[in-house]
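Here the structure is laid out as structure tokens; the discussion comes afterwards.
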Amino acid sequence: MRIPNLIKNPEFIPLLLLCLIMLQSCNTKTASTEATLRFNSVIPKPVSSVLEGNKFTLTEETNIVFEGNEEVQQVASYLSDKLKPATGFDFNYNSSTGEAPKNSILLTTTGADGSLGDEGYELTVSASSIKLTANKPAGLFFGIQTLAQLLPAKIESDSIQDEAWEIATGTIRDSPVYSWRGSMLDMARHFLSVEEVKHYIDLISLYKMNVLHLHLTDDQGWRIEIKSWPNLTVHGGTTQVGGGKGGFYTQEQYKEIVAYAQSRFITIVPEIDMPSHINAALASYGELNPGIVVPKEGRMEIAIQGELGKDKPTQLYTGTEVGFSTLSLNKPATFKFVEDVIRELSAITPGPYIHIGGDEAKVTKKDDYIEFINRFQKIVEANGKIMVGWEEIGQAEINSKSIAQFWDKEAWTEMAASKGARILMSPSKNIYLDMKYDTASRIGYKWAAYIEVDSAYKWKPEKKIPSVPKESIIGVEAPLWGETLKNFDDVEYLSFPRIPGAAEIGWTPSENRSWNEYKIRLGNQAKRFKVLGIDYYRSPKVPWVD
Ligand code: TNX
């Protein structure tokens with residue numbers, strides 16, 4: 001019997017159907033279940049993602065092409081560096097014009113939709129090529145973070161992996177709701193090395209955060225070299241909470257951190273905490289010490305400052321009390337010191353912001369406090385920068401350029417907003433990464449709240465303080481205070497998995513977010529956390545998929 005006749009035979013129809021089904025399931029173009037899942041699990045959740053369902057596979061022949069300026073070329077180079085270790089492929093990147101050539105990833109700043117803004121992007125994955133379009137290089141960079149999440153988790157590995165580098169086809173259009181999406185590290189309480197800070201930058205950049213605030217000074221340590229006041233680090237940098245050896249960054253090292261952050265579109269915001277939280281400076285320069293005597297009850301270590309008296313250096317402090325030290329308006333050295341520090345710091349900080357702290361000035365008279373902040377604002381602005389301070393600065397005559405960081409008291413934040421200042425949202429009950437998850441957490445504090453992964457996610461920045469309008473809010477920042485952190489594993493344990501949630505709160509409009517949907521996407525990040533070696537808290541609230 002000839003074959004066409006065989007096909008015509010009704011008895012063979014079931015067999016024929018079976019063959020067709022088998023052919024379909026072996027269709028080399030259809031995306032795998034995993035690739036589809038990845039497409040639907042991106043964090044932060046994109047504004048719109050439309051899955052098509054075929055696949056693009058990264059191979060040795062895939063090229064990276066770019067269209068745009070030198071900064072676009074640098075993003076292309078970043079992409080090539082990011083994809084190489086795990087795939088082992090040598091991606092060349094060349095400039096090009098027009099559409100993406102077959103089997104290529106095109107990065108372009110031509111023809112982007114204006115509504116995507118400065119940080120938005122459009123990512124189109126077809127079976128034959130990938131096209132990433134944005135108005136600005138920052139948008140391309142954030143689009144690359146999405147692309148990385150569409151690839152298998154092993155793409156984050158630093159050694160060659162045997163893996164089919166499949167990406168589901170479809171289109172993602174995306175842009176952030178807030179322009180400040182950050183985290184803060186407190187190296188004053190426990191020092192962190194340059195390498196550790198860079199690693200943290202890499203981790204937060206995976207979720208499109210764009211600010212890293214460095215809490216560089218506090219009672220326990222001064223961590224940034226100030227050339228005109230060398231003892232700040234020579235002496236004030238030599239210890240930390242618990243009495244370890246501390247450390248500091250030379251200006252060169254600080255510049256290295258800033259440049260590394262810049263290459264990941266992250267702005268460094270340096271903080272010099274004043275007029276309180278200043279003991280490390282008072283211990284380094286006696287002429288700054290007003291010799292305030294504070295009550296002794298239960299605060300032995302604090303009392304030392306007063307006992308040593310005016311104009312003499314205080315002792316270095318390794319405890320964890322807050323708010324006991326202060327600068328004085330009446331000392332001739334005070335503003336020479338402040339001006340020198342802000343001037344040197346501004347000169348090595350390309351970003352627009354200088355954070356002056358301003359929190360918990362418990363032994364500074366209220367009128368003096370206000371005078372301090374007013375003068376800090378002038379000094380910061382004279383150095384061409386924008387002043388950022390904790391919510392307490394709302395009590396001073398701050399102007400509409402300044403930014404107040406809400407952490408606890410609504411009233412001061414409202415005062416700041418009513419003066420036209422922008423508000424950075426860091427509500428301690430929701431987003432303080434140093435708060436324990438629950439009673440079993442091995443490190444962390446609980447003074448604000450236990451913050452499980454769900455309550456860290458569920459709040460809405462624009463609903464937090466009813467009288468602060470959404471337009472006043474510049475964004476969201478997740479601070480990680482360092483008193484209880486001894487090493488980088490501790491940093492990871494408290495920040496993951498709350499960092500992806502904080503990043504999503506800053507990126508995705510509240511009306512597009514829901515915990516029940518988010519927790520599934522977060523659970524799908526477990527593989528990525530594992531490849532990245534992140535020592536994360538395995539919350540029972542999240543359906544982890546390993
Ligand atoms: C309060 S929040 C502080 C920090 C502490 C932190 C510990 C804020 C502006 N100040 O000095 O490290 O609590 O959770």
Side-chain angles (χ1 to χ4, degrees), residues 182-192 213-223 240-242 246 269-281 299 301-302 317-327 353-364 369 372-373 376 387-396 398 402-413 415-416 421 423-437 441 443-451 456 464 476-486 490-491 493-495 498 502:
S183 183
M184 184 204 83
L185 289 174
D186 169 15
M187 49 280 294
R189 268 57 176 271
H190 278 104
F191 186 63
L192 293 163
H213 167 182
L214 305 180
H215 187 74
L216 290 167
T217 69
D218 213 301
D219 291 315
Q220 299 87 347
W222 189 283
R223 310 295 180 210
Q240 58 184 9
V241 167
V269 177
E271 176 183 352
I272 303 295
D273 202 350
M274 306 177 289
S276 189
H277 289 267
I278 197 78
N279 186 65
R299 300 169 128 206
E301 289 158 302
I302 293 176
Y317 180 70
T318 60
T320 55
E321 282 288 342
V322 289
F324 61 85
S325 56
T326 190
L327 291 171
Y353 309 110
I354 297 287
H355 200 305
I356 54 81
D359 57 321
E360 301 171 316
K362 294 181 183 171
V363 296
T364 317
Y369 177 82
F372 265 120
I373 303 301
F376 293 162
M387 181 179 78
V388 189
W390 297 101
E391 66 196 14
E392 287 90 334
I393 67 167
Q395 301 168 91
I398 57 172
S402 293
I403 297 172
Q405 186 165 10
F406 169 62
W407 63 280
D408 186 40
K409 298 248 179 334
E410 295 186 7
W412 289 336
T413 311
M415 281 168 80
I423 305 300
L424 176 60
M425 282 288 171
S426 299
S428 49
K429 287 182 174 51
N430 306 98
I431 203 171
Y432 262 30
L433 298 176
D434 66 320
M435 292 300 126
K436 293 183 177 207
Y437 296 97
S441 295
I443 44 172
Y445 278 161
K446 59 173 187 186
W447 64 262
Y450 289 111
I451 309 180
K464 204 62 213 173
V476 174
E477 184 180 292
L480 179 58
W481 295 103
E483 288 93 333
T484 69
L485 311 177
K486 298 222 164 50
D490 291 348
V491 171
Y493 170 74
L494 285 178
S495 44
R498 289 183 289 202

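Both counts, for ligands and for their atoms, begin at 1 and track the order of listing. Keep in mind that what you see is a predicted model, and the values were worked out from it rather than measured.
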> Residues in salt bridge (Lys or Arg N to Asp or Glu O under 4.0 Å) with D273, at least two apart?
Replying inline: none

Mind listing the N or O contacts between ligand 1 and protein, cut-off under 3.5 Å?
from, atom 1, to, atom 2, distance (Å)
ligand 1, 10 (N), D359, OD2, 3.0
ligand 1, 10 (N), E360, OE1, 3.1
ligand 1, 11 (O), R189, NH2, 3.0
ligand 1, 11 (O), E360, OE1, 3.4
ligand 1, 12 (O), R189, NH1, 2.8
ligand 1, 12 (O), E483, OE1, 3.2
ligand 1, 12 (O), E483, OE2, 2.6
ligand 1, 14 (O), D434, OD2, 2.6
ligand 1, 14 (O), W447, NE1, 2.8

> Between M274 and F372, is any pair of side-chain heavy atoms under 4.5 Å apart?
Replying inline: no

> salt bridge (Lys or Arg N to Asp or Glu O under 4.0 Å) with D219: which residues, sequence neighbours excluded?
Replying inline: none

>> Taking the six-membered ring for Trp, are H213 and W390 closer than 6.0 Å centroid to centroid?
In response: yes

> Among all residues two or more places apart in sequence or in another chain, which pass the salt bridge (Lys or Arg N to Asp or Glu O under 4.0 Å) test with E483?
Replying inline: R189

> Just checking, is any N or O donor in the side chain of W407 or E360 under 3.5 Å from an acceptor N or O on the other one?
Replying inline: no

